[in-house]
Amino acid sequence: MRRGGTRSAISSLVVALCVLLGSAATHPDASEVPAEGGDGGMTVLRGAAEADGRVAYTAVRGLRGPQGTLAVRVVSRPGEGLAMAPLGAEEQPFVVRSSSALETLDESLLAMLEHTYRVVEAEPEELDGRSAKVVEARRADDTVAGRFWVDEATDLLLGRDVYDPAGDPSFSSRLTELRLGDRGWPEDTLGDEPWGDALDHTEREELRSEGWTLPEHLTWNLRLVDARSTHHEEHRVVHTVYSDGLSQISVFAQRGKLGEEHLSADQNGYVGTGTGGGGVTTGHETIFGGDVGQYQSMWQANGFVYTLLADAPADLASSAVTALPGPEGSSGFWSRVQRGLSRLGLV
Amino acid sequence: MDHLGERLSALIDGELGAAEHERALIHLAKCEPCRFEADMMRRLKRRLTGLGEPEPDLDFMGRLMARPGMDSPFGAGAPLGSSRPLGGFPEEPTRKAPERREPRTSPERYVPVRRPEDGGSVRSPYFSGGRYAVAGLAVATALLGSAFVAGGENPDNAPVVEPRLSDYAVEHAVTSRQIPVVDPATDPVVAWPAGIPRTSERASDPNETTR
């Protein structure tokens, strides 16, 4: 009897393990990259990207973040760029000039979206009175990370939502009052383009050999999609863009240290910005710009000053900051040894 | 009694015939001056022979002769320095002790290499585990010391920089095709890029955050 009972217990345990393993196999972790499955929705999104460079339009872009909303008048003129001005403001609009660099970046972002998530087309919906195709970016556990609305008539991107792992919207963008034509284009505005010095793989490797920290991969879903540099007062500044296809994070790095006449170090020796970019915090992982969600952080580490700007969910931006070299704070023996090993390139 | 004279050097060099050699030895047994001179000549010869053949480095010779199947130390083997790590191979039971190829005259150093057939360890006392421990400790100490020094505070010659947050905000806005914004609680409008006039001043200007 006892032997039979033991055998029965072992059989039950084996069955339980099989069920557990089967359950794990059928319910992958949300952070599994890439999410398995087809990407049928990518055709719709690539069509939207193509339409953005082909269709002239005027609209109001409404932005909603974790801390507020903002309405921006946008005018798109193919071949010229995108003009943006806050609704009701009298200043000159901010113009992003069309450029091959941005087209390349768009392709990289779409490729990153396709790589990270399962991109599927969902049931069409109406948005602001217009019929729209709906595309969802799904994580490996099939939760929705992002949703896109693409106009049936023009193929323009009408809306975009980014959701946090809990399913709550982190960022939302809606194009309303859409009219075709670029009436209202600011003819006198020169506009801005990305910094011109694009850094290819070889140049990034050279910079790394000179001590620059330019990771190709920050976290499970944040990968380098663009790198370029410029010079400020003869000091090189490198701008790296990381993305999962839904959110963008900019990291600016330059050699040097922060002046401490206005930025006093705290007890741990941390030198950097605080909430809203002012003051000093005791850590570097939670610095909100206090806007509709832009993340701002600045700190010094290993002879470099890092500045991070992100339009991304807080947890994503925070994980990006944490993945970069930490601030010089701890003066303990092992912390200093670890920092030294890092500077010597041994870890 | 006649002394050996030039026959003495022939005796030392082994050039005498058997009968002459016997007679010379009998003479040496009875003649103190010749015995003294023969002894001096032998010493001198040893000294000269020793100068003519420099003593090779024992570790170098060990590495050369330890190559299995290598007849010539200058054969097509691995380059010097690659045949054995510093301290030798701890486990190499088939290695044979180096064989002497030429008659080596004294003085020479005895290398106490024990052979497997002797039943003892083949590890040379020159490469004992204690040496490994000491070497490892020295390397670790040097590494930690270097890392500790390198991990000090920023060098004073690092330039003090003021990151242009406004420029960064424009660059980020361009690549993300957004307008950077500020806290709507303090200002309901956008954080306008540098160089563009604004109608109102914000309560907290992000440009000041770099200082």
Side-chain angles (χ1 to χ4, degrees), chain A residues 63 67-70 72 82 84 86 89-92 94 96 102 105 192-195 226 232 235 237 239 241 248 250 252 254-259 261-263 269 273 276-278 289-292 294 296 298 300 303 305 307 309 311 328 333 335-344 346, chain B residues 140-141 143-200 202-211:
Chain A
L63 299 169
Q67 297 188 12
T69 60
L70 182 75
V72 180
L82 180 71
M84 294 174 281
E90 298 174 356
E91 299 97 341
Q92 279 191 309
F94 177 53
V96 178
L102 287 177
L105 179 58
D192 289 280
E193 292 182 13
W195 292 346
D226 192 42
H232 285 168
H235 297 299
V237 181
H239 174 207
V241 180
Q248 262 181 258
S250 288
F252 298 88
Q254 62 189 125
R255 281 191 187 278
K257 58 185 179 183
L258 292 169
E261 62 269 32
H262 299 291
L263 270 178
T273 58
D291 44 33
V292 295
Q294 190 179 73
Q296 297 177 348
M298 184 185 297
Q300 67 182 37
V305 175
T307 304
L309 303 177
D311 296 303
E328 290 170 356
F333 175 78
S335 298
R336 184 167 168 174
V337 166
Q338 191 174 20
R339 196 161 58 229
L341 291 172
S342 173
R343 288 180 182 172
L344 294 171
L346 299 176
Chain B
T141 304
L143 186 64
L144 283 177
S146 303
F148 186 78
V149 172
E153 293 303 314
N154 259 342
D156 291 335
N157 57 2
V160 173
V161 295
E162 297 180 11
R164 296 184 186 174
L165 192 57
S166 55
D167 287 351
Y168 296 173
V170 171
E171 172 72 3
H172 175 68
V174 167
T175 53
S176 61
R177 270 169 273 201
Q178 300 283 352
I179 291 183
V181 290
V182 295
D183 190 345
T186 55
D187 195 332
V189 297
V190 295
W192 211 233
I196 299 177
R198 294 174 48 83
T199 53
S200 61
R202 293 194 302 275
S204 61
D205 187 348
N207 295 345
E208 295 174 357
T209 62
T210 61
R211 296 304 308 265

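Within every chain, numbering begins at 1; the chains are lettered A, B, ... in the order of the sequence lines, protein sequences first and strands thereafter. The shown structure was predicted, so the numbers you read here are calculated from the model rather than taken from an experiment.
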Colleague: Could you check if a side-chain atom of A/F94 sits within less than 4.5 angstrom of a side-chain atom of B/V174, using non-hydrogen atoms only?
Modeller: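 Yes - at least one pair of side-chain heavy atoms lies under 4.5 Å apart.
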Colleague: Can you list everything that forms a side chain to side chain donor-acceptor pair (under 3.5 Å) with A/Q248? Sequence neighbours excluded, please.
Modeller: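 So A/Q248 forms no side chain to side chain donor-acceptor pair (under 3.5 Å) with any residue.
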Colleague: First locate atom CD of B/E171, then atom NE2 of A/H239, and finally report the distance between them rounded to the nearest 0.5 Å.
Modeller: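 Reported to 0.5 Å precision, the distance equals 5.0 Å.
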Colleague: Please classify the contact between A/L102 and chain B as side chain, backbone, both or neither, with a heavy-atom cut-off of under 4.5 Å.
Modeller: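 Its backbone and side chain both get close to chain B.
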Colleague: Looking only at heavy atoms, which two atoms of A/S250 and B/T175 are closest? And how far apart?
Modeller: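 That closest heavy-atom pairing would be OG-OG1, 4.1 Å.
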Colleague: Nearest 0.5 Å, what's the NE2-CZ distance between B/H172 and A/F252?
Modeller: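 Those atoms lie 7.5 Å apart.
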Colleague: Nearest 0.5 Å please: distance from the CD atom of B/Q178 over to the CG atom of A/L70.
Modeller: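 Atom-to-atom, B/Q178:CD and A/L70:CG are 9.5 Å apart.
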Colleague: Mind checking side chain to side chain contact (heavy atoms under 4.5 Å, CB included) for A/Q254 and listing every partner two or more places apart, or none if nothing turns up?
Modeller: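 Result, side chain to side chain contact (heavy atoms under 4.5 Å, CB included) vs A/Q254: A/V237, A/V305, B/V161, B/P163, B/Y168.
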